[in-house]
Amino acid sequence: MNSELNQLPTPSTYTRLLLQRWPEQAGNLLAGTGLGDSLAPTTTHISAAQQLQIFRNVMALTGRTDWGLIFGQQLNITSHGPLGFAALSAPTLGEGLDVLVQFARIRSPFISFSASQQNNFFCLTVDTTRYPLGELELPLIEVLMQIASSYVDAVMGHSAREVIVQFAWPAPPHAALYAQYFNGRCEFNAATTAFKLPAGLRRLPCPLHDEKTYRAALMRCREALN
């Protein structure tokens, strides 16, 4: 594994959620991380390398190819600390998505994101080339796509069927389950892995916009990124 991953901090939130789901498997979930058999209440961050090992342990424990879909369904936009609060309190859907692109690294430092506009679509593109994830790539991107989808749903107030979830690989064995987790259209064998929605939706006001909350959450995101 890239040694840089040992230096990248990752919030312990996701590990705590996994431990809540499988409390009897705490030792197995944390195996190979050096964290012992439990996570101390004062532990707010672990390394990206430790987080990825925990995800590998989840994959081994569940023995399911769709575990990323199951875990992603546990999360909502508020599961992501100041990043989630900044996105929800942003003035518009577009500005909230910009927050996700700019600061997603504070939650998932092993994945890179970029934004662009292509043929009247806003595209949030996922890149894993710097830190190849191997067998974890598909489930972790499934989680990320669910996070983006749930955010758009929250702002729109209904299921966003205008969304396109695009994967740069063939349909996995559990592809038939995607309709249960994604409201928009799923495409496989695409040129890039991306979350896409009509660009015009970027102007949609966020119903929970609060300027004070937005600015405070942005400040916390900047501090975490620094």
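Source: prediction; values computed, not measured.
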Pairing residues for [X] by the side-chain hydrogen bond (donor to acceptor under 3.5 Å, both in side chains) criterion, not counting sequence neighbours:
X	answer
T15	Q51
Q74	none
E187	R185
R215	E211

Test of understanding: clusters of I, L, V, M, F, W, Y form through side-chain heavy atoms closer than 4.5 Å, transitively. Do [X] and [Y] belong to the same one?
X	Y	result
L138	V126	yes
I164	L204	no
V143	L52	yes
L69	I141	yes
W169	W67	yes

Is there a donor-acceptor pair closer than 3.5 Å between any side-chain N or O of [X] and the backbone N or O of [Y]?
X	Y	result
S12	T43	yes
D66	H174	no
Q50	S47	yes
Y151	A87	yes
H45	P9	no

- Task: Could you give me the CA-CA distance, side-chain angles and deciding distance for L93 and L97, then say whether side chain to side chain contact (heavy atoms under 4.5 Å, CB included) is met?
- Result: CA-CA 6 Å; L93 174 60; L97 289 169; 4.1 Å; yes

Roughly how far, to the nearest 0.5 Å, is [atom2] of [Y] from [atom1] of [X]?
X	Y	atom1	atom2	value
I54	L61	CD1	CG	11.5 Å
S150	Y181	OG	OH	14.5 Å
E142	L140	CD	CG	9.0 Å
Y131	L5	OH	CG	6.0 Å
D98	F103	CG	CZ	10.5 Å
E24	L19	CD	CG	10.5 Å

- Message: Taking the basic N atoms (NZ, or NE/NH1/NH2) and the acidic carboxylate oxygens, is any pair closer than 4.0 Å for D210 and K212?
- Response: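 No, D210 and K212 are not salt-bridged.
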
- Does a salt bridge link E4 with R130, judged by any charged N lying under 4.0 Å from a carboxylate O?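 A salt bridge links E4 with R130.
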
- Full working for side chain to side chain contact (heavy atoms under 4.5 Å, CB included) between R21 and I70: CA-CA 11 Å; R21 185 178 180 90; I70 296 169; 3.2 Å; yes

- Query: Around R203, counting heavy atoms of other residues, nucleotides and ligands shown, do more than 12 lie under 6.0 Å from its CZ?
  - Reply: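 It does not: R203 CZ has 12 such atoms or fewer within range.
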
Test item: [X] and [Y] side chains (from C-beta on) under 4.5 Å apart, heavy atoms:
X	Y	answer
F122	L124	yes
L29	W22	yes
T92	R202	no
L88	Y214	no
V152	N183	no

Contact summary for [X] and [Y], nearest pair of heavy atoms:
X	Y	value
V99	A86	CG1-CB, 3.8 Å
I46	L39	CG2-CD1, 4.2 Å
M59	P139	CE-CG, 3.9 Å
A154	P207	O-CG, 4.2 Å

- Query: Does the separation of the ring centres of Y178 and F167 fall below 6.0 angstrom?
  - Reply: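 Ring centres of F167 and Y178 closer than 6.0 Å.
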
- Item | Evaluation steps, side chain to side chain contact (heavy atoms under 4.5 Å, CB included), between D127 and S114 | CA-CA 8 Å; D127 182 8; S114 61; over 6 Å; no

All N/O donor-acceptor pairs, side-chain side in residues 189-199, below 3.5 Å, sequence neighbours left out:
{"residue": "T192", "atom": "OG1", "partner": "Q166", "partner atom": "NE2", "Å": "3.2"}
{"residue": "T193", "atom": "OG1", "partner": "A168", "partner atom": "N", "Å": "3.1"}
{"residue": "K196", "atom": "NZ", "partner": "Q166", "partner atom": "OE1", "Å": "3.4"}

- Derivation and outcome, side chain to side chain contact (heavy atoms under 4.5 Å, CB included), residues I111 and L133: CA-CA 9 Å; I111 297 178; L133 298 173; 3.9 Å; yes

- Determine whether the side chains of T33 and Q53 contain a donor N or O and an acceptor N or O closer than 3.5 Å.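 No, no side-chain donor-acceptor contact under 3.5 Å.
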
- Would you say the side chains of N57 and N28 form a donor-acceptor pair under 3.5 Å?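 Side-chain D/A pair, N57 to N28: absent.
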
- Item | Candidate pair S149 and Q146, rule side chain to side chain donor-acceptor pair (under 3.5 Å), full reasoning | CA-CA 5 Å; S149 296; Q146 287 186 81; over 6 Å; no

- Can you tell me which residue pairs pass the side chain to side chain donor-acceptor pair (under 3.5 Å) test with a partner in residues 102-111, sequence neighbours excluded?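 Matches after skipping sequence neighbours: T13-R107, Y14-R107.
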
